[in-house]
Amino acid sequence: MPEGHTIHRLAADHRERFGGRPVRVSSPQGKFADSAALLDGTVLETAEAHGKHLFLGFPGEEWIHIHLGLFGKVNFGDAPAPPPADTVRLRIADESGYVDLRGPTTCALITDAEKRAIHDRLGPDPLRPEDDPEKAWRRVSRSRTTIAALLMDQKVIAGVGNVYRAEVLFRHGIDPYRAGKDLTADEWNALWTDLAMLMREGVRLNRIDTVRPEHTPEAMGRPPRVDDHGGEVYVYRRANLPCHVCGAGIRTADLAARNLFWCPGCQRT
């Protein structure tokens, strides 16, 4: 499932390619056909993201709400647009190009009130400047749940996925099994600040890189990592390999229905 930086990048791409212009909206697959017909020929006014939710704004306070889930894919292309495949749930196009959406968990036309309800049930997003980390801290600081599980709970903090969870806890030397209530406010603020920085870089580079300059392949004289998420990491998907910092074997376990990765040597507190 894409992490939050990917959705913010998609929002920016929609704004850049189609923002402020009339667009053609269609649903070759047919599942979004009635809503597409209502929007066809109108202006795509804006696009925004909150966590893993993408919102495309149209006149009359109407929004296309998209959640990619595990299998959703978005593909942009230049004009002339080829005939769409019958698996395309949503196509948005103008004279300069198009974007196709396939396989999302959610693709629905919603009202402004329905959009606000989605925001209300999500935690703050490190990539949304207006979001308050104190809202998440109030939940974290009272919780006996592990910090690793809390970071994956979209009602606590929105947009963090398995990669960012593992990597930010490593970068701050925090045992993933520590209860939220055992973190200090300073530790939480440091985690939030670091997540915001890492995720902004993810938006900019369109990949996840989490290693500090002294631990890059060039600095350490090691081979670069080869992985489908495309970046350099400390612990994610590195089970049983030596830690870049202390040399201990990276461990893995199931936590919050996902594979957790951590270093027993560096993450003791």
Side-chain angles (χ1 to χ4, degrees), residues 1-115 117-119 122 125 127 154 158-159 161-163 199 202-208 227-231:
M1 182 182 296
E3 305 212 15
H5 75 285
T6 298
I7 309 306
H8 281 267
R9 176 69 177 249
L10 287 176
D13 287 343
H14 278 83
R15 290 193 301 269
E16 179 181 345
R17 289 172 176 259
F18 305 111
R21 301 195 298 274
V23 291
R24 303 307 308 266
V25 184
S26 60
S27 179
Q29 185 192 57
K31 291 186 177 181
F32 191 68
D34 290 346
S35 296
L38 294 174
L39 300 175
D40 190 34
T42 63
V43 173
L44 177 59
E45 295 182 332
T46 188
E48 62 181 80
H50 187 165
K52 300 179 182 184
H53 298 257
L54 176 65
F55 302 95
L56 307 179
F58 290 84
E61 296 187 331
E62 292 191 298
W63 301 83
I64 299 178
H65 171 218
I66 296 169
H67 192 292
L68 294 180
L70 290 173
F71 304 109
K73 301 291 183 184
V74 176
N75 298 107
F76 288 90
D78 297 326
D86 58 10
T87 56
V88 173
R89 180 80 56 88
L90 170 68
R91 169 171 282 192
I92 295 175
D94 66 7
E95 68 280 359
S96 65
Y98 68 96
V99 58
D100 284 345
L101 171 68
R102 293 176 174 86
T105 296
T106 301
C107 176
L109 185 62
I110 62 173
T111 65
D112 198 56
E114 290 169 324
K115 176 176 177 285
I118 295 169
H119 290 299
L122 292 171
D125 180 339
L127 287 175
Q154 300 298 298
N162 208 20
V163 186
M199 294 173 75
V203 174
R204 185 176 71 87
L205 299 173
N206 201 27
R207 70 180 208 172
I208 300 177
D227 188 84
D228 58 12
H229 85 273

Taking the side chain from [X] and the backbone from [Y], do they hold a donor-acceptor pair closer than 3.5 Å?
{"X": "D125", "Y": "G51", "result": "yes"}
{"X": "R207", "Y": "G231", "result": "no"}
{"X": "R9", "Y": "V203", "result": "yes"}
{"X": "T42", "Y": "L39", "result": "yes"}
{"X": "T46", "Y": "G57", "result": "no"}
{"X": "E114", "Y": "T111", "result": "yes"}
{"X": "E48", "Y": "A11", "result": "no"}
{"X": "D40", "Y": "V25", "result": "yes"}
{"X": "T106", "Y": "H67", "result": "no"}
{"X": "D112", "Y": "K115", "result": "no"}

Drop me the distance from [X]'s [atom1] to [Y]'s [atom2], to the nearest 0.5 angstrom.
{"X": "L70", "Y": "T105", "atom1": "CG", "atom2": "OG1", "answer": "6.5 Å"}
{"X": "K52", "Y": "Q154", "atom1": "NZ", "atom2": "CD", "answer": "4.5 Å"}
{"X": "I208", "Y": "N162", "atom1": "CD1", "atom2": "CG", "answer": "9.5 Å"}
{"X": "L90", "Y": "S35", "atom1": "CG", "atom2": "OG", "answer": "10.0 Å"}
{"X": "L56", "Y": "I64", "atom1": "CG", "atom2": "CD1", "answer": "5.0 Å"}
{"X": "D86", "Y": "R102", "atom1": "CG", "atom2": "CZ", "answer": "9.5 Å"}

For a quick test of reading the model, state the closest non-hydrogen atom pair linking H50 to A158 and the distance between them.
CD2-CB, 3.8 Å
Taking every non-hydrogen atom, the tightest pair across S27 and A36:
N-CB, 4.1 Å
According to the interplanar angle, ranging from 0 to 90°, do the rings of H65 and F55 count as parallel (below 30°), tilted (30 to 60°) or perpendicular (above 60°)?
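It falls in the parallel class, under 30°.
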In terms of ring plane angle, is the pair H14 and F76 parallel, tilted or perpendicular, where the classes change at 30° and 60°?
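It falls in the perpendicular class, over 60°.
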Hey, mind stepping through L44 and F58 against side chain to side chain contact (heavy atoms under 4.5 Å, CB included) and telling me if it holds?
CA-CA 5 Å; L44 177 59; F58 290 84; 3.7 Å; yes
Take atom CG of D34 as the centre, draw a 6.0 Å sphere, and report whether it contains more than 12 heavy atoms from other residues, nucleotides or ligands.
no
Take atom CZ in R24; do more than 12 heavy atoms of anything else shown fall under 6.0 Å from it?
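Incorrect, the count does not exceed 12.
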Show your working on side chain to side chain contact (heavy atoms under 4.5 Å, CB included) between V88 and L101 and close with a plain yes or no.
CA-CA 6 Å; V88 173; L101 171 68; 5.7 Å; no
NZ or CZ of R91 within 45° of Y98 ring axis and under 6.0 Å:
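Yes, a cation-pi geometry.
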Any heavy-atom pair between the side chains of N75 and V99 that's under 4.5 Å?
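Counting from C-beta outward, V99 and N75 never come under 4.5 Å.
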Evaluate side chain to side chain contact (heavy atoms under 4.5 Å, CB included) for I7 paired with L68, printing each intermediate quantity in order.
CA-CA 9 Å; I7 309 306; L68 294 180; 4.0 Å; yes
Side chain to side chain contact (heavy atoms under 4.5 Å, CB included) assessment of I66 paired with H53:
CA-CA 6 Å; I66 296 169; H53 298 257; over 6 Å; no
